[in-house]
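The model shown is predicted, which means the values in this text are computed figures rather than measured ones.
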Amino acid sequence: MTKTDALTVGQLERELSQSIQSFFRKLLGHAPSKVSCHLFTNKLVVVAENSVTTAEKLLAETGKKELAQNVRRNLYESIRLKLKSLIEDISQVEVADLLGETRLDTGLTGFIVVFNGIPKVRNRYSADNFHNQAINKKVNELNGEQDI
């Protein structure tokens, strides 16, 4: 694997996104249409779009939504340790916790990864500032405030 000390934050996020998308395709036979990763110091947020499998959709559409949710929970528990290992291999940092949730109605899957340390990247400070500015801008928009 690539050493993260040679990667920028963007390169690490892209490598994680592509690897996670491939991981889903190989293990579940279904790749999300898009996987986005965003690193915040010692946390990683992962969003997978169109992540629900055809079987899960069929169950949900035929009145078996609870069964579809149970299938998804069991799938997540089955792949959790492998996903954690993949993220650790790429980031070169141990994962303290990995939280995940899938919404059958939107097809979105989200993960929050909490690292035991901070991945080594080249432009850490500028990336944190960029993400913080983006978050602050979105919060201001939601509160109806203007950017200053």
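Scanning for side-chain hydrogen bond (donor to acceptor under 3.5 Å, both in side chains) contacts around Asn74 gives an empty result, with sequence neighbours left out. When the side-chain hydrogen bond (donor to acceptor under 3.5 Å, both in side chains) test is applied to Glu94, the partners found at least two apart in sequence or on another chain are Asn116. Evaluation of the side-chain hydrogen bond (donor to acceptor under 3.5 Å, both in side chains) rule for Arg73 yields Asn70 as partners, not counting sequence neighbours. For Arg25, the salt bridge (Lys or Arg N to Asp or Glu O under 4.0 Å) test picks out no residue, with sequence neighbours left out. Residues satisfying the ring pair (Phe, Tyr, Trp, His ring centres under 6.0 Å) criterion with Phe111, sequence neighbours excluded, are Tyr76. Residues that satisfy the side-chain hydrogen bond (donor to acceptor under 3.5 Å, both in side chains) test with Arg14, not counting sequence neighbours, are absent from this structure. When the side-chain contact (heavy atoms from CB on, under 4.5 Å) test is applied to Leu27, the partners found at least two apart in sequence or on another chain are Phe23, Ile79, Lys82.
The two residues Val95 and Glu88 come nearest to each other via the heavy atoms N-OE2, 2.8 Å. For the residue pair Ser17 and Cys37, the shortest heavy atom distance occurs at OG-N, 3.2 Å.
Val35 and Ile112 fall into different hydrophobic clusters, where Ile, Leu, Val, Met, Phe, Trp and Tyr side chains are chained together by heavy-atom contacts under 4.5 Å.
Tested against Leu98, the residues Leu83, Val46, Leu81 include a single side-chain contact (heavy atoms from CB on, under 4.5 Å) partner, Leu83.
Under the 3.5 Å distance criterion, the side-chain polar atoms of Ser22 are left unmatched by any main-chain donor or acceptor of Gln18.
Here ring pair (Phe, Tyr, Trp, His ring centres under 6.0 Å) pairs that include residues 86-106, with residues two or more places apart or in two chains, number zero. Screening residues 42-64 for ring pair (Phe, Tyr, Trp, His ring centres under 6.0 Å), with sequence neighbours left out, gives no hits. For residues 96-108, the salt bridge (Lys or Arg N to Asp or Glu O under 4.0 Å) pairs, not counting sequence neighbours, are Arg80-Asp97, Arg103-Asp105. Residue pairs meeting the side-chain hydrogen bond (donor to acceptor under 3.5 Å, both in side chains) criterion with at least one partner in residues 46-55, sequence neighbours excluded, are Ser33-Asn50, Ser51-Thr109, Thr53-Glu56.
With values rounded to the nearest 0.5 angstrom, Leu59 atom CG is found 5.0 Å from Leu67 atom CG. Rounding to the nearest 0.5 Å places CG of Leu44 at 6.0 Å from CG of Leu39. Atom OG1 of Thr41 and atom NZ of Lys43 lie 7.0 Å apart (nearest 0.5 Å). The distance from the NZ atom of Lys34 to the CD atom of Gln21 is 10.5 Å, given to the nearest 0.5 Å.
Hydrophobic side-chain contacts under 4.5 Å tie Leu104 into a cluster, directly or through other members, with Val52.
Under the 4.5 Å side-chain criterion, counting only non-hydrogen atoms from C-beta, Leu7 is in contact with Glu15. Thr8 places none of its side-chain heavy atoms less than 4.5 Å from the side chain of Val121. Between Ile90 and Leu12 the shortest side-chain heavy-atom distance falls below 4.5 Å.
More than 12 heavy atoms of other shown residues, nucleotides or ligands fall within 6.0 angstrom of atom NZ in Lys57.
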